[in-house]
Amino acid sequence: MRTSRGLRSLFEKRLIERRQDSEDRREVHVQLRETGRQLFDDMFPRICALNIDLLEGLDAEKWHLSSVLA
């Protein structure tokens with residue numbers, strides 16, 4: 001998915017705010033709205049737990065490599 005399409009989807013769901021830079025119209029500032037922050041706060045621990053579960057089966061060397069690449 002392209003970044004612009006992903007941001008448009010988040011904007012349409014009212015999860016982010018977009019503001020075009022007044023000096024450089026090519027630049028867009030993006031930040032989470034309160035609803036986006038709530039969703040992030042709810043989902044992030046679940047995503048972390050899922051990643052830990054997925055990585056538990058890896059040996060120490062692979063675990064270290066995956067943490068470096070993250």
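Every heavy atom of this structure was used, including side-chain atoms; hydrogens, water molecules and symmetry mates were not. Nothing here was measured: the structure is a model prediction, and the numbers come from that model.
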Task: Within 6.0 Å of CZ in Arg18, more than 12 heavy atoms from elsewhere - done: yes
Open item on the list: If I compare all heavy atoms of Arg25 with all of Gln20, which pair ends up nearest, and what's the gap?
Closed with: O-NE2, 2.6 Å
Enumerate, atom names and distances included, each donor-acceptor pair closer than 3.5 Å involving a side-chain atom of residues 36-50, sequence neighbours excluded.
{"from": "Gln38", "atom 1": "NE2", "to": "Glu34", "atom 2": "OE2", "distance (Å)": "3.3"}
{"from": "Asp42", "atom 1": "OD1", "to": "Arg46", "atom 2": "NH2", "distance (Å)": "3.4"}

TODO: Quick one: pull up CG in Leu10 and CD1 in Ile16 and give me the separation to the nearest 0.5 Å.
DONE: 5.0 Å
Open item on the list: To the nearest 0.5 Å, what is the distance between CZ on Arg2 and CZ on Arg8?
Closed with: 10.5 Å
TODO: Supply the atom-to-atom distance Gln31 CD to Arg19 CZ, rounded to the nearest 0.5 angstrom.
DONE: 7.5 Å
Task: Reported CD-to-CG distance for the pair Glu17 and Leu32, which is rounded to 0.5 angstrom - done: 9.5 Å
Task: Minimum side-chain heavy-atom gap Val30-Leu7 below 4.5 Å - done: yes
Open item on the list: So His29 and Glu27, do their side chains get closer than 4.5 Å, heavy atoms only?
Closed with: yes
